[in-house]
Protein chains: 2
Amino acid sequence: MKGKRTDLGNSACGIARSLQVIGDWWSLLIVRDAFQGRQRFTEFQRNLGLAKNILSSRLKKLVDAGIFTVEPDPNSALSHLYVLTRKGEELCVILVALWQWGEDHCFETGELDHRMVDRATGKPLARLTLTAQDGRKIGPRDFRLKARHG
Amino acid sequence: MKGKRTDLGNSACGIARSLQVIGDWWSLLIVRDAFQGRQRFTEFQRNLGLAKNILSSRLKKLVDAGIFTVEPDPNSALSHLYVLTRKGEELCVILVALWQWGEDHCFETGELDHRMVDRATGKPLARLTLTAQDGRKIGPRDFRLKARHG
DNA sequence: CATATTTAGTTTAACTTTGCAACCTATATC
DNA sequence: GATATAGGTTGCAAAGTTAAACTAAATATG
């Protein structure tokens, strides 16, 4: 069996499992657009500029994975809406983590003209930081994976 | 120009910029392995089981992007070490966000046998949560993108 | 010293996935 | 009835992935 993308869906690693679902090239960008209020096939397609067959297959995969549900569109009988589930909404942490890292490391100074802000106050979100159970902030080398039983 | 992957590197979106760098199928898994202490080509290759040419091109891209530096191996003149830079270490937040989401949504109950723990205490990390500047925890619908100047 | 092994790749050939354009179907609107 | 819109499907070309073979240098072994 050659040329086939490795299946990470049975890995013991939570990161690999997540990537199996949302690690495709367009998936997280579709979810990002959904957070910005887009709901229809055509809205995603126009905004992202990806081919319709790819969008179709990604949406199918995301619906199968329980990240979107398909709802009827109250305004149009031939259109339907892709609505984020709870599982999909919880991807917000990953999106913000990606945004903050990109903001820090992937723009020239002054190049970035948007901010991720609190809807209530319009002020930027606080930075996501790794935190221990007791509330201590911890650094990038202060965590590890631990087997549960022995 | 057909069949070519869209370049997200000039997008105004921080998420798209991040994905341009670390959105490839294997890149974040290589970084994950680096956090677990792996440093050599062969260690990555054996552990991840990916083809060597793919590992070679991913490592090249990650070095170019400033996520790894190549250092000489003090124990072997023909081996060298891939060492995470500061920029690479700051991906920890993204990895933990992916881990926690995967832990919640991508395993059957009892299937997951590892935990992401604080190295000092051995206890699981606190959950990453979106937080406003004043410390309020906010939900998945309480943030948005805002243009910086008008 | 000669041979074998290890490390870190590169090259090649077969195969899979992605991407674009063009086409299709069903409903709605003029 | 003609046209537009939403949401696809199909066919083909390009790019990505794989395993396996091959290089080349450094080290280990006999």
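Throughout, a chain's letter reflects where its sequence line sits, starting with A, and its residues are numbered from 1. Model, not experiment: these values are computed from the prediction.
Residues passing the side chain to side chain contact (heavy atoms under 4.5 Å, CB included) test with A:E111 are A:F107, A:E108, B:R17, sequence neighbours excluded. With sequence neighbours excluded, no residue forms a salt bridge (charged side-chain N to carboxylate O under 4.0 Å, His left out) with B:R46. For B:D64, the side chain to side chain contact (heavy atoms under 4.5 Å, CB included) test picks out no residue, with sequence neighbours left out.
For DNA chain C, no neighbouring residue in residues 21-34 of chain B is found when judged by any heavy atom under 4.0 Å.
In this structure, B:M116 is a member of the same hydrophobic cluster as A:V93, with clusters built from ILVMFWY side-chain heavy atoms closer than 4.5 Å.
Side-chain nitrogen and oxygen atoms of B:T42 include none within less than 4.0 Å of the OP1 or OP2 phosphate oxygen of C:dT7. Residue A:R5 has no polar side-chain atom (N or O) positioned under 4.0 Å from OP1 or OP2 of D:dT18.
Closest of all the heavy-atom pairs between B:V21 and B:A65 is CG1-CB, 3.6 Å.
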Review item, nucleotides 25-30 of chain C N/O atoms under 3.5 Å of protein N/O:
none

Enumerate the protein-to-nucleotides 8-10 of chain D contacts in which both atoms are nitrogen or oxygen and the separation is below 3.5 Å.
unit_1, atom_1, unit_2, atom_2, d
D:dG8, OP2, A:Y82, OH, 2.4
D:dG8, N7, A:K52, NZ, 3.4
D:dG8, O6, A:K52, NZ, 2.8
D:dT9, OP2, A:K60, NZ, 3.4

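As a whole-Å value, the separation of B:I54 CD1 from C:dT11 C1' is 13 Å. Distance B:L19 CG to C:dT18 P: 15 Å, rounded to the nearest Å. Atom CG in A:L55 sits about 14 Å away from atom C1' in C:dC20, given to the nearest Å. Here C:dT6 presents its P atom at 14 Å from CD of B:Q45, a figure rounded to the nearest Å. Atom pair A:R58:CZ and D:dG7:P shows a separation of 18 Å (rounding to whole Å applied). Note: CZ (A:F44) to C1' (D:dT5) measures 18 Å, nearest angstrom. Between the CG atom of B:L50 and the P atom of C:dG9 there is a distance of 13 Å, given to the nearest Å. The CG-P distance, from A:D73 to D:dT5, rounds to 16 Å in whole Å.
Remark on the helix from C:dC1-D:dG30 to C:dC30-D:dG1: inter-end axis angle 10°, axes from five-pair C1' superpositions, rounded to 10°.
Evaluation of the ring pair (Phe, Tyr, Trp, His ring centres under 6.0 Å) test over residues 53-102 of chain B, restricted to residues two or more places apart or in two chains, returns B:H80-B:Y82, B:W101-B:H105. Counting only residues at least two apart or in different chains, ring pair (Phe, Tyr, Trp, His ring centres under 6.0 Å) contacts with residues 118-145 of chain A comprise A:F143-B:F35. Listed by first then second residue, pairs satisfying side chain to side chain donor-acceptor pair (under 3.5 Å) with a partner in residues 137-146 of chain A read A:R141-B:E89, not counting sequence neighbours.
Judged purely by distance below 3.5 Å, without hydrogens or angles, the side chains of B:S76 and B:D73 never pair a donor atom with an acceptor atom.
Salt-bridge formation is detected for the pair A:D104/A:R127: a Lys NZ or Arg NE/NH1/NH2 atom is positioned less than 4.0 Å from an Asp or Glu carboxylate oxygen. The residues A:D134 and B:K123 are annotated as not salt-bridged, no charged nitrogen and carboxylate oxygen being separated by less than 4.0 angstrom.
Within the 4.5 Å cutoff, the side chain of B:R136 has heavy atoms near those of the A:D118 side chain.
In the hydrophobic clustering, where aliphatic and aromatic side chains (Ile, Leu, Val, Met, Phe, Trp, Tyr) are joined below 4.5 Å either directly or transitively, A:L81 groups with A:V83.
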Show me the donor-acceptor pairs within less than 3.5 Å that the side chains of residues 48-61 of chain B make with the rest of the protein, sequence neighbours left out.
unit_1, atom_1, unit_2, atom_2, d
B:S57, OG, B:I54, O, 3.2
B:K61, NZ, B:Q20, O, 3.0
B:K61, NZ, B:D24, OD2, 2.4

